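A quick write-up on the structure given underneath.
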Amino acid sequence: MSVETAAPRITIAEAGKHVGETVSIPGWLYNLRRSGKICFPQLRDGTGVIQCVAVKSNLPEETFEALKNLTQESSLIVTGKLREESRAPGGYELDVEQAHIVQRVPEDDPYPITPKEHGTDFLMDHRHLWIRSRRQHAILRVRAEVIRAIRDYFDSNGFVLVDTPIFTPAACEGTTTLFEVDYFEDQKVYLTQSGQLYNEATAMAFGKTYCFGPTFRAEKSKTRRHLTEFWMVEPEMTYADLDDVKKVAEEMIVFCVRRVLDNRRAELKELDRDVSKLEAIQAPFHRMSYDDAVVKLQAKGSEIQWGGDFGNADETLLTEDLDRPVMVDRFPTGIKAFYFETDPNRPEVALGVDVIAPEGYGEIIGGGQRAHSLDVLLKRLEEHNLPKEAFDWYLDLRKYGAVPHGGFGMGVERFTAWMCGTEHIRETIAFPRMLYRTRP
Ligand code: 4AD
Ligand code: MG
């Protein structure tokens, strides 16, 4: 929309380039301080916050009165001269010459989120407004940077983006976490848990591919790491083995961490993130077998037995003395999905890898090498009680030019939570979907 403004229209982020000029900034009232004949409306516009200075004697009466009594989150366009001001939050101040109120928030129905403390439920109910707050704003900017970095990494390393469907006829990650959808004519489909099976087809066509989109898990887990809808990036590579998968996972993580550090310093500062922890994320990551991980965990007091899956507490224990992620490989075949290749020397373990982030952020990547023999897969489908008919197209990939291949999936929200140092993953997506939350 083109908003007519009295002077050249700029954003707050551009203020530094316009010092000494008269400009118009469209935005919303973030905060307001007043003292008699002067008031200080803080304006936010999505790119930053700037303090404005309105002096009664310099302004028409009605303009000053309108500003002085303006309510939080009212929309307005402020025109005035920009000045450097080292004590001001963004480093600049604007001396108001004109102000046009676009919509005034009514006094008797004020903006619900005030500077006072609100409970999490209240904030989550007002998520559509909460995302205007500085902290939430910073987290979502980091998320956007993470997504851009992921795309840049794969786009510039020979991977072709091929998106995979959301409606799927079969389970990829086990039948217990499927969301069923009524399709036409009494057909049932499921919301995708992972694009992987389709990635295997696209990788056979393109060599290296990735998909990037929302995925769904009907997991009744109420933890700080679980959403029912989350975004996952999933690369897949042909003529590749477990070591290749680990190498790409490690390289991509280092690349993304670096980009967040390079481009989102201000946001990390807003979030009070200890950046030294992120600076330490360098290759090579720690590498450990599942066997050794179990021994390490038992020594630290975990109840885990060989054959069991790690709980959140185990993942935290595993990395508590580490400064960078650990890649744990060769999990028991019994706890892994049907599609994993097994170790040729030890069929009881799968050629899978989990990347576990430090500081208690847990598993951020799961992946591995895929079984590429038709016979093995047929046997697995049976063992996992999966209907062979639903996988006929997938089995074709093992008939027509099967090769060793593999890939992984990384959850964007878990990665973003780690970058931001947020307690709960729900803050890393604009509108989280969880066990007990599907609104707003
Ligand atoms: O380990 P997962 O289940 O692996 C797969 O889905 C593979 N098919 C991926 C592949 O090889 N192409 O999930 C991968 C990642 C996890 O490590 C985690 O980061 C994220 O997806 N994830 C979740 N994030 C938020 N909420 C949940 N409920 C998640 N479940 C998995
Ligand atoms: Mg996993």
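The first residue of the sequence shown is numbered 1, and numbering continues consecutively from there. All figures in this text were calculated on a predicted structure; none of them were measured in a lab. Just follow the structure's listing: the first ligand is 1, and inside any ligand the first atom is 1.
The closest side-chain donor-acceptor pair between T202 and E236, if any, does not fall under 3.5 angstrom. T11 and D45 form no side-chain donor-acceptor contact under 3.5 Å, judged by distance and modelled atom types alone. Side-chain contact annotation: Y290 with D354, donor-acceptor N/O pair under 3.5 Å absent.
A salt bridge links E73 to R44: at least one charged side-chain nitrogen sits closer than 4.0 Å to a carboxylate oxygen.
Atom OE2 is the N, O or S atom of E363 at the shortest distance from the Mg ion (ligand 2).
Residues passing the side chain to side chain donor-acceptor pair (under 3.5 Å) test with D243, sequence neighbours excluded: none.
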One pair per line, please: each N/O atom of ligand 1 matched with every protein N/O atom under 3.5 Å away, atom names first, then the distance to 0.1 Å.
residue  : atom   : partner : partner atom : Å
ligand 1 : 1 (O)  : E363    : OE2          : 3.0
ligand 1 : 3 (O)  : R217    : NH1          : 2.9
ligand 1 : 3 (O)  : R217    : NH2          : 3.2
ligand 1 : 6 (O)  : E173    : OE2          : 3.4
ligand 1 : 6 (O)  : R217    : NH2          : 2.8
ligand 1 : 8 (N)  : E173    : OE2          : 2.6
ligand 1 : 8 (N)  : S194    : OG           : 2.9
ligand 1 : 8 (N)  : Q196    : OE1          : 2.7
ligand 1 : 8 (N)  : Y339    : OH           : 3.3
ligand 1 : 11 (O) : Q196    : OE1          : 3.4
ligand 1 : 11 (O) : R370    : NH1          : 3.4
ligand 1 : 11 (O) : R370    : NH2          : 2.9
ligand 1 : 12 (N) : E234    : OE1          : 2.7
ligand 1 : 12 (N) : F408    : O            : 3.4
ligand 1 : 17 (O) : E363    : OE2          : 2.6
ligand 1 : 17 (O) : I364    : O            : 3.3
ligand 1 : 17 (O) : I365    : N            : 3.3
ligand 1 : 17 (O) : G366    : N            : 3.4
ligand 1 : 19 (O) : I364    : O            : 2.8
ligand 1 : 19 (O) : G411    : N            : 3.1
ligand 1 : 26 (N) : L227    : N            : 3.0
ligand 1 : 28 (N) : E219    : OE1          : 2.8
ligand 1 : 28 (N) : L227    : O            : 2.9

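In this structure, T223 contributes its side chain and R225 its backbone to a donor-acceptor pair below 3.5 Å.
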